[in-house]
Asks: 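Take this structure, written in structure tokens, and hold onto it; I'll ask about it next.
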Amino acid sequence: MRGRYKAWAKPFLEAHGEFCVPRIDPADPFYDHQPLCLEIGIGKGDFILGYSALFPEGHYLGLERDVSIMGMAAKKVEEAGRTNIRLCAEDFDDLYEGLSKLSFDVIFLNFSDPWPKKRHEKRRLTFRPRLERILALLRHGGELRIKTDNDILYPFTLEQIEGIQGVTMTVNEPDYAFDAALDCQSEYERNFRAKGQKIHRIILRKE
């Protein structure tokens, strides 16, 4: 997701170090909590805010590489007064060393950038080497939950999953009917559903 540059965003993030962190510090007691959840690519933050309210017993880490968009999400977190969320405005690959020292119960990939051109497929979050890195962050029994509307990314992701050891695909829904008791919607999902687009969902469980 790309948005217009917002000059106020970086200073806002820097001024709110109580929940906006510049890097992942595995020694932070925040990450000792269970359940611990990670959303990679939070956009404007609607999902992580909604889900953390639906399941307030969890702690949540949200990543978003676009500083301007993260600024909008951070404002919402501040306004909501949510203390069970940490935000980091960096790319997943750049944060992996710190993330690899943590163990997550659930990881969310919600409407990730599909990078639709064939020559860009290595940039996709579900490209096999990156997908294996993401799965390695899960505790045993943890889940990777993927939602997308994209008809290129969905079959691509299924292909990348094939042959990965130590995980079971427990859900593969080409047309996911939203469950408000157990799930939340991002701004993207609300817009896609309003247009009648099908939402694809995949859930992988680490054995």
Side-chain angles (χ1 to χ4, degrees), residues 1-3 35 37-55 58 60-66 69 73 91-93 104-207:
M1 180 197 299
R2 293 189 179 185
C37 305
L38 170 66
E39 185 182 8
I40 304 174
I42 69 167
K44 296 177 183 177
D46 287 12
F47 177 85
I48 200 169
L49 276 163
Y51 201 88
S52 63
L54 189 61
F55 298 101
Y60 300 86
L61 172 62
L63 311 183
E64 173 55 57
R65 64 185 181 183
D66 188 306
I69 292 173
D91 185 83
F92 169 79
D93 291 339
F104 295 92
D105 295 279
V106 186
I107 299 176
F108 301 96
L109 302 182
N110 292 314
F111 304 93
S112 305
D113 191 335
W115 292 102
K117 294 181 180 179
K118 177 73 173 176
R119 68 178 184 271
H120 292 155
E121 65 179 22
K122 290 184 179 180
R123 300 183 184 182
R124 297 169 187 166
L125 280 173
T126 57
F127 178 60
R128 176 72 173 259
R130 190 172 292 108
L131 181 60
E132 290 180 327
R133 278 186 147 197
I134 292 171
L135 289 166
L137 301 177
L138 289 170
R139 305 183 198 276
H140 291 292
E143 291 186 339
L144 173 60
R145 302 177 187 174
I146 302 169
K147 288 192 287 186
T148 182
D149 70 305
N150 190 270
D151 293 330
I152 294 175
L153 187 62
Y154 174 54
F156 172 85
T157 300
L158 292 174
E159 290 172 3
Q160 299 299 296
I161 290 167
E162 288 183 11
I164 294 180
Q165 301 298 309
V167 296
T168 299
M169 185 161 57
T170 59
V171 172
N172 178 14
E173 295 177 287
D175 189 3
Y176 165 53
F178 179 70
D179 185 348
L182 297 173
D183 197 6
C184 293
Q185 294 186 33
S186 64
E187 181 182 38
Y188 265 135
E189 184 167 357
R190 289 196 301 272
N191 291 341
F192 291 142
R193 288 188 181 278
K195 295 175 183 177
Q197 292 179 237
K198 290 182 179 179
I199 305 302
H200 315 306
R201 184 172 73 145
I202 300 168
I203 297 179
L204 303 177
R205 185 180 66 231
K206 187 172 183 178
E207 302 302 334

Asks: Looking at side-chain heavy atoms only, is the closest gap between Pro116 and Ile152 below 4.5 Å?
Replies: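 Sidechains of Ile152 and Pro116: in contact.
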Asks: Any chance you could measure Leu138, atom CG, to Leu144, atom CG, to the nearest 0.5 Å?
Replies: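 Reported value, rounded in 0.5 Å steps: 6.5 Å.
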Asks: So, for Arg65 and Asp113, which heavy atoms are closest and what is the spacing to 0.1 Å?
Replies: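 Minimum heavy-atom separation between Arg65 and Asp113: NH2-OD2, 4.2 Å.
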Asks: Testing Lys44, Lys147, Lys198 one by one against Glu189 for a salt bridge (charged side-chain N to carboxylate O under 4.0 Å, His left out), which residue passes?
Replies: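 So the option named by the test is Lys147.
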Asks: Would you check if the side chain of Thr148 reaches a backbone N or O of Asn150 as a donor-acceptor pair within less than 3.5 Å?
Replies: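 At least one qualifying donor-acceptor pair exists.
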Asks: Is the shortest heavy-atom distance from the side chain of Gln185 to the side chain of Asp46 under 4.5 Å?
Replies: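 The answer is no, as the side chains (C-beta and beyond) never meet within the 4.5 Å cut-off.
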Asks: Between Arg190 and Glu187, is the closest basic N to carboxylate O distance under 4.0 Å?
Replies: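 Looking at Glu187 and Arg190, the cut-off is not met.
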Asks: Rounded to the nearest 0.5 Å, what's the gap from CD1 on Ile48 to OH on Tyr60? Could you check?
Replies: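 Rounded to the nearest 0.5 Å, the CD1-OH separation comes to 8.5 Å.
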Asks: Going from CG on Leu137 to CD1 on Ile40, what distance comes out if it is rounded to the nearest 0.5 angstrom?
Replies: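 If we round to the nearest 0.5 Å, Leu137:CG and Ile40:CD1 are 7.0 Å apart.
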Asks: Take Phe47 and Phe111, measure what ring pair (Phe, Tyr, Trp, His ring centres under 6.0 Å) needs, and give me the verdict at the end.
Replies: CA-CA 11 Å; Phe47 177 85; Phe111 304 93; 9.2 Å; no
Asks: What's the separation between atom CD1 in Ile161 and atom CG in Asn172, rounded to the nearest 0.5 Å?
Replies: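 Between Ile161 CD1 and Asn172 CG, I get 7.5 Å after rounding to 0.5 Å.
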Asks: Using the test salt bridge (Lys or Arg N to Asp or Glu O under 4.0 Å), find all partners of Arg139 that sit at least two apart in sequence or belong to another chain.
Replies: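 Listed in chain order: Asp105.
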Asks: For the backbone of Phe178 and the side chain of Arg201, can you confirm whether one donor and one acceptor N or O come within less than 3.5 Å of each other?
Replies: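 Not confirmed, Arg201 side chain does not pair with Phe178 backbone.
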Asks: A side-chain contact here means heavy atoms from C-beta on lying under 4.5 Å apart; do Tyr188 and Asn110 qualify?
Replies: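 SC-SC contact between Tyr188 and Asn110 ruled out.
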Asks: Rounded to the nearest 0.5 Å, how far apart are OG1 of Thr126 and CG of Leu153?
Replies: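 One finds 4.5 Å between OG1 of Thr126 and CG of Leu153.
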Asks: Can you find a pair of side-chain heavy atoms, one from Ile203 and one from Glu173, that are under 4.5 Å apart?
Replies: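 No - every pair of side-chain heavy atoms lies 4.5 Å or more apart.
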Asks: What's the shortest heavy-atom distance between Ala73 and Gly43, and which atoms?
Replies: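 Residues Ala73 and Gly43, closest heavy atoms: CB-O, 3.7 Å.
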Asks: Could you give me the CA-CA distance, side-chain angles and deciding distance for Arg130 and Glu132, then say whether salt bridge (charged side-chain N to carboxylate O under 4.0 Å, His left out) is met?
Replies: CA-CA 5 Å; Arg130 190 172 292 108; Glu132 290 180 327; over 6 Å; no
Asks: Sorted by first residue and then second, give each ring pair (Phe, Tyr, Trp, His ring centres under 6.0 Å) pair with at least one member in residues 118-160; sequence neighbours left out.
Replies: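 Sorted result for residues 118-160: Trp115-His120, Tyr154-His200.
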Asks: Measure the spacing between CG of Leu109 and CG of Leu131 and express it to the nearest 0.5 Å.
Replies: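 With rounding to 0.5 Å, CG (Leu109) is 8.0 Å from CG (Leu131).
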Asks: State plainly whether the residues Arg205 and Glu207 are in salt-bridge range, i.e. N to O under 4.0 Å.
Replies: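 Yes, Arg205 and Glu207 are salt-bridged.
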Asks: What verdict does the side-chain contact (heavy atoms from CB on, under 4.5 Å) test give for Met169 and Ile202, after you've listed the backbone C-alpha separation in whole Å, the side-chain angles of each residue and the deciding distance to 0.1 Å?
Replies: CA-CA 7 Å; Met169 185 161 57; Ile202 300 168; 3.8 Å; yes
Asks: Determine whether the aromatic ring centres of Phe108 and Tyr51 lie less than 6.0 Å apart.
Replies: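 So the answer is yes for these two rings.
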Asks: Sequence neighbours excluded, which residues qualify as side chain to side chain contact (heavy atoms under 4.5 Å, CB included) partners of Asp179?
Replies: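 Counting only residues at least two positions away or on another chain, Asp179 forms a side chain to side chain contact (heavy atoms under 4.5 Å, CB included) with Tyr176, Ala181, Leu182.
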Asks: Can you check whether Ser112's main-chain N or O pairs, donor with acceptor, with Arg124's side chain at less than 3.5 Å?
Replies: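 No; zero donor-acceptor contacts below 3.5 Å.
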Asks: Knowing that exactly one of Gln197, Lys195, Arg193 qualifies, which makes a side chain to side chain donor-acceptor pair (under 3.5 Å) with Asp149?
Replies: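 The single option meeting the side chain to side chain donor-acceptor pair (under 3.5 Å) with Asp149 is Gln197.
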